[in-house]
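In what follows, a structure is listed as structure tokens, so that the remarks can point back to it.
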Amino acid sequence: MRFVVTAGPTREAIDPVRFLSNRSSGKMGYAIAEAALANKHQVTLISGPATISPPREAKVVRITTADELHSAVHRSLRRCDVFVMCAAVSDYKPAAPSARKLKKQKSAFALKLVPTRDILASLPKRRRYLVVGFAAETHNLKINAQKKLRAKNCDAIVANEVSGSETGMETDENEVAIFFRDGETKQISRASKKKIARELVKIFEKKFEKGLTKKSW
């Protein structure tokens, strides 16, 4: 199978030295790419700025902004069977980034933000590949994940709680719930991200094969 996996954060420039971003380390996405490679799949890893090293066998595409990620995803999906959207994309970006460093002022400062491009929502509704989204939630995990599953037209959503400090962003462990379009749900208890990634890849393989048989997901 051909996996396309996105990972890490995006950065949206405020000025030449400052940017909007988030706490994503890229560890979960990189672990999924590694697990897919271990199962003899082809992997394209589209990565935002991350400090960890990608799997050597993966084809790595480096991006910084949400717009760059959008373009890289649509190019890569021409040759894809399973698309895993694990990157943590900035929801907003400055409306007008400054070409020069903004100087500190004594008065209040307001930064106008505009939404970034919605990558999952931009995908075609009729397609020949499995689409897996991720949802990092601080509350109402099941409700918010299922809402995203429907709104983004995904085949599955992997949801994890990020309000604590022991699992989720910037950690080596995770605990996830997987919600599928057909109503099926699965839970993977707290474990290392690498172990969870191996379980997720097995699940994605089975879902793809099942969908291939039915000619739909």
Side-chain angles (χ1 to χ4, degrees), residues 3-34 43-55 58-78 80 83-124 131-139 144 147-148 151-154 157-163 165 168-172 174 193:
F3 275 67
V4 174
V5 182
T6 70
T10 60
R11 292 177 178 176
E12 304 298 334
I14 297 172
D15 63 19
V17 298
R18 302 179 181 93
F19 54 81
L20 296 178
S21 191
N22 55 65
R23 292 170 45 210
S24 173
S25 64
K27 290 179 179 179
M28 191 72 251
Y30 278 44
I32 292 171
E34 184 177 333
V43 175
T44 297
L45 175 61
I46 307 174
S47 177
T51 59
I52 55 178
S53 298
K59 175 186 176 182
V60 180
V61 179
R62 300 283 186 183
I63 59 91
T64 300
T65 68
D67 283 342
E68 291 171 355
L69 179 58
H70 180 278
S71 297
V73 164
H74 280 272
R75 286 195 303 270
S76 299
L77 290 181
R78 298 167 188 165
C80 177
F83 174 48
V84 183
M85 182 65 182
C86 192
V89 185
S90 298
D91 292 323
Y92 296 92
K93 63 181 179 179
S98 175
R100 295 182 177 183
K101 180 183 176 183
L102 298 173
K103 297 299 182 181
K104 184 176 181 180
Q105 303 175 10
K106 292 183 179 180
S107 58
F109 170 71
L111 183 67
K112 184 179 179 181
L113 303 177
V114 295
T116 55
R117 301 177 80 170
D118 191 326
I119 295 170
L120 285 174
S122 74
L123 301 180
V131 174
V132 181
F134 270 67
E137 303 293 343
T138 58
H139 61 284
N144 289 331
K147 182 179 178 181
K148 184 173 183 178
K152 307 296 186 182
N153 193 36
C154 293
I157 287 283
V158 180
N160 65 300
E161 175 76 35
V162 295
S163 59
S165 60
M169 290 185 169
E170 299 179 309
T171 70
D172 293 324
N174 216 347
K193 287 182 176 178

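Keep in mind that the numbers below use all heavy atoms, side chains included, and drop hydrogens, waters and symmetry copies.
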Minimum heavy-atom separation for [X] and [Y], please, with both atom names.
X: V61; Y: A72; result: CG1-CB, 4.1 Å
X: I119; Y: V89; result: CD1-CG2, 4.4 Å
X: L45; Y: G29; result: CD1-O, 4.3 Å
X: I63; Y: P49; result: O-CD, 3.6 Å
X: I157; Y: C154; result: CD1-SG, 4.0 Å
X: Y30; Y: A50; result: OH-CB, 3.8 Å

Test item: [X] and [Y] side chains (from C-beta on) under 4.5 Å apart, heavy atoms:
X: K152; Y: V131; answer: no
X: L120; Y: K148; answer: yes
X: S122; Y: H74; answer: yes
X: S47; Y: R62; answer: yes
X: V43; Y: P55; answer: no
X: L20; Y: P94; answer: yes
X: T171; Y: K193; answer: yes
X: L102; Y: F109; answer: yes

Which is it for F19 and T64 under the side chain to side chain contact (heavy atoms under 4.5 Å, CB included) test, yes or no, and what are the steps along the way?
CA-CA 11 Å; F19 54 81; T64 300; over 6 Å; no
Yes or no on side chain to side chain contact (heavy atoms under 4.5 Å, CB included) for M85 and L69, after CA distance, side-chain angles and deciding distance?
CA-CA 10 Å; M85 182 65 182; L69 179 58; 3.9 Å; yes
Backbone of N174 reached by a side-chain donor or acceptor of N160 within 3.5 Å
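The answer is no, because no donor-acceptor pair under 3.5 Å joins these two groups.
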Salt bridge (Lys or Arg N to Asp or Glu O under 4.0 Å) pairs, two or more places apart, involving residues 21-31
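Found R23-E170, K27-D172.
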Looking at residues at least two apart in the chain, or sitting in another chain, which of them share a salt bridge (Lys or Arg N to Asp or Glu O under 4.0 Å) with K93?
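Partners of K93 under the salt bridge (Lys or Arg N to Asp or Glu O under 4.0 Å) test: D67.
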Would you give the length of the straight line joining atom NZ of K103 to atom OG of S98, rounded to the nearest 0.5 angstrom?
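OG of S98 is found 10.5 Å from NZ of K103.
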When rounded to the nearest 0.5 angstrom, what is the spacing between CG in N144 and OG1 in T138?
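OG1 of T138 is found 8.0 Å from CG of N144.
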Please tabulate, for side-chain N and O atoms in residues 4-14, each donor-acceptor pair with protein atoms closer than 3.5 Å (sequence neighbours left out).
unit_1 : atom_1 : unit_2 : atom_2 : d
T6     : OG1    : C86    : N      : 3.0
T6     : OG1    : A87    : N      : 3.0
T10    : OG1    : S90    : N      : 2.9
T10    : OG1    : S90    : OG     : 3.1
E12    : OE2    : A66    : N      : 2.8

